[in-house]
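In what follows, a single structure is set out as structure tokens and then discussed.
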Amino acid sequence: MNEFVFQVSDSIDHIIRSIPLFKVEFALSFGFLSSIVCTLIFDKYWKHSSFFVTILSIICAFLILMTQHDQSNFGFYNMLIVDKTSFFARAFISIGLLISAIFLQQHFANKEFKKRKGDLYSILLAAGIGLNLFSMTTHWLMAFIAIEMVSICSYIMVGYFSENKKQAEAAMKYALFGSACSAVMLYGLSLIYGFTGDLNFASPKHIQGLIAAPEVMVSIAILFVFTGIGFKLSFVPFHLWAPDVYEGAPTPVTAFLSTVPKIAAIVLLSRLASAWISTPFYFSELTFMFISFVSIVTMLAGNLIALRQTDIKRMMAYSSIGHTGFLMMAIIAYSNGQQNILFFYVLVYTLMNFASFAFIDVLEQKLGSTQLSSYTGLGKKMPIIFTCFSIIGISLIGLPPTAGFIGKLFVFSSIFEIYQYGGDQIFLWLLIVGALTSVISLFYYFKIPLFAFLRNNKEENIENINPALSPMLVIGVILTILVVLIGIFPSGVFGVISN
Amino acid sequence: MISLTHFLFVSACLFCIGLYAIIAKRNSIMILIGIEFIINAAILNLVAFGRYDKINYSGQIFALFAIVLAAAAVAVGLAIILNVYRKYKTINPENITDLRD
């Protein structure tokens, strides 16, 4: 007891010193609380007040984050890490949150519900706090809390309005699948805690414990832990929820789910990979083989199943599964020290995905459908949307002169370097499957210009479509221009990321 | 004398029962109960292992957080299932299949 009393003042000092590291999340938390207050009180007088507060707090968080540039620090007994990885991850997350908030506002602007719309923004901010914590930690307790925070917020966002049967079903599948995965992950974490007695997965004590533990038990525990991360990243075999939820959820929520949580989860997985892969023992080999094997299977499954989809949102779900496989390939490059490649690909993926969902939402509001066949012959009536949409498709495939091409090129060249240096067969397979699936993806992304430009619509009942200039469309076009610009001049962005 | 092995055995049994309840999927509420079983198995493990970690007590702290998070997740899950029941008049996951390939 006396020792404990002796330590108290030290602990309090340490915690007070760590508080400045938490400024960004404080801004978001404050925004979360004031957004709830605005929804309850001020939305009656000015209906955009909660939206305005949300945007303001995201921008504040982003500006505070900019002051943490070049900082490298640990806080709260190594529970939070502020370094280059978490800086870029949180910058991308802030951009993603901002775009999602605008999408939500635009999508629900013309609809009337009994429920308050403002609650959606506060839930978005809560998810943002969870995502920031997710990308800042190497501590399992923090990671688990962050995963649960993001998951619970996502369930609510999918099922909040339940306008139709599909949304209710999507929310139920998501909630059940997600809770089951995180429960299994918790069991795996409890086993890992038993082997090591330490919850910080980058600490030497943790790694020693994993080296000493029996192989069978370590395999079970690690696979259980990957269940939870796999659910957030939606890699095979935990991808089953993704197509159903993406199709059923409102389009802006789908845009959020398919992009922002993936940034955070990929950062956690890359921290885990770079901490665990480096030793020559059994658990490192298992982690490495798991990541590379799952990466291959995910790329194949995502891209092959996407070929036979007729609904654009479902197709984008499988396409994002395929991109997850590619991101896991970038993780292998990350754990070999080439961090900027992962950041670049994540940034490009964020821009491309938000742009495509912006166009999908604009078209859905005009046509009332997300079927690919409903785009037939619309290319000449809405030239801006479909030209930009086709460019985004080209970027998602990875063809020049777009940012998607540069991102894929960096990943391929770094994996090829590792292959030449280390010479393991699995790297060669990664390269082959990566290239092959990029070719396969060409067939389904080209369905968009195929339907829009090359097929004529027999029925002329879509005369009343007048392409008005909406903020969604403007954001989509800006993102497309960015994607092309980064594709032509990648050195500027790459310089910022590598610096 | 109850040793660590006993705790681990009970928690492994709880985990298996929970997993069976999830895989059998007759009823959404049963799936939620199965999830609770798995979470409680993990909590039992954490507390049992936490006995050997007298400096930080990470296991106990983790168990407390896990209980709170499980309660939050189940509350949201039940609300969503209620919503599904209003639309479909059933909560059997095998009858709710509007979304599929």
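Keep in mind it's a predicted model, so treat the numbers as computed, not measured. Every chain is numbered from 1 and lettered A, B, ... according to where its sequence line falls, protein lines coming before strand lines.
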The interface call for A/N164 against chain B, heavy-atom contacts under 4.5 Å, is backbone

Does any heavy atom of chain A fall under 4.5 Å from the side chain of B/A21, the backbone, both, or neither of them? neither

Minimum-distance pair of heavy atoms, taken over all atoms of A/K165 and B/K87: CE-O, 3.6 Å

With chain A as the partner, which of B/G34, B/A41, B/G77 has the greatest number of non-hydrogen pairs under 4.5 Å? B/A41

Nearest heavy atoms of A/A168 and B/I80, plus distance in Å: O-CG2, 4.5 Å

What is the minimum heavy-atom distance between B/L99 and A/K173, and which atoms define it? O-NZ, 3.2 Å

Assert top hit (heavy-atom pairs under 4.5 Å, partner chain B, pool A/G178, A/A183, A/A175) equals A/A183

Are the side chains of B/S28 and A/L176 in contact, using a 4.5 Å heavy-atom criterion? yes

For B/Y88, does the OH atom sit with more than 12 other heavy atoms under 6.0 Å from it, leaving out its own atoms? yes

Counting heavy-atom pairs under 4.5 Å to chain A, which of B/L44, B/I35, B/V74 comes out on top? B/I35

Just checking A/F144: does its CZ atom have more than 12 heavy atoms from other residues, nucleotides or ligands closer to it than 6.0 angstrom? yes

With only heavy atoms counted, which part of B/V84 is less than 4.5 Å from chain A, the side chain, the backbone, both or neither? both

Is it true that atom NZ of B/K54 has more than 12 heavy atoms of other residues, nucleotides or ligands lying nearer than 6.0 Å? no

Between CD of A/E247 and CG of B/D98, what distance do you get to the nearest 0.5 Å? 9.5 Å

Minimal non-hydrogen separation, B/N83 against A/G159, with atom names: ND2-O, 3.8 Å

Among B/R86, B/E36, B/R100, who wins on heavy-atom pairs under 4.5 Å with chain A? B/R100

Is A/Y187 close to B/S11 at the side-chain level, that is, under 4.5 Å between some pair of heavy atoms? yes

Top contributor to chain B interface from A/Y318, A/Y77, A/Y174, A/Y160 [non-hydrogen pairs under 4.5 Å]: A/Y318

Using side-chain heavy atoms (C-beta onward) and a distance below 4.5 Å, is A/L186 in contact with B/I38? no

Given heavy-atom pairs under 4.5 angstrom as the criterion, report whether the side chain, backbone, both or neither of A/V158 touches chain B. neither

With a 4.5 angstrom heavy-atom cut-off, is it the side chain or the backbone of B/Y52 that approaches chain A, or both, or neither? neither

Only pairs of heavy atoms separated by less than 4.5 Å count here; which of A/S182, A/S179, A/G197 has the most with chain B? A/S179

In terms of heavy-atom contacts, B/I96 and A/E169 come closest through O-OE2, 3.0 Å

Quick one: which of A/A170, A/P243, A/G248, A/A180 has the most heavy-atom pairs under 4.5 Å with chain B, could you say? A/A180

Measuring from atom CG of A/L141 to atom CG of B/L64, what distance do you get when rounded to the nearest 0.5 angstrom? 10.0 Å

Which heavy-atom pair separates B/A42 from A/S190 by the least distance, and what is that distance? O-CB, 3.6 Å

Can you say whether A/Q167 sits under 4.5 Å from chain B via the side chain, the backbone, both, or neither, judging by heavy atoms? neither

So what's closer than 4.5 Å to chain A heavy atoms on B/I39: side chain, backbone, both or neither? both

I need the B/D53 CG to A/L199 CG distance, nearest 0.5 Å. 8.0 Å

Around atom CZ of A/F113, are there more than 12 heavy atoms from other residues, nucleotides or ligands closer than 6.0 Å? yes

Does any backbone or side-chain atom of A/F224 lie under 4.5 Å from a heavy atom of chain B? Answer side chain, backbone, both or neither. side chain

Find the distance between CE (A/M142) and CZ (B/F65) and round it off to the nearest 0.5 Å. 8.0 Å

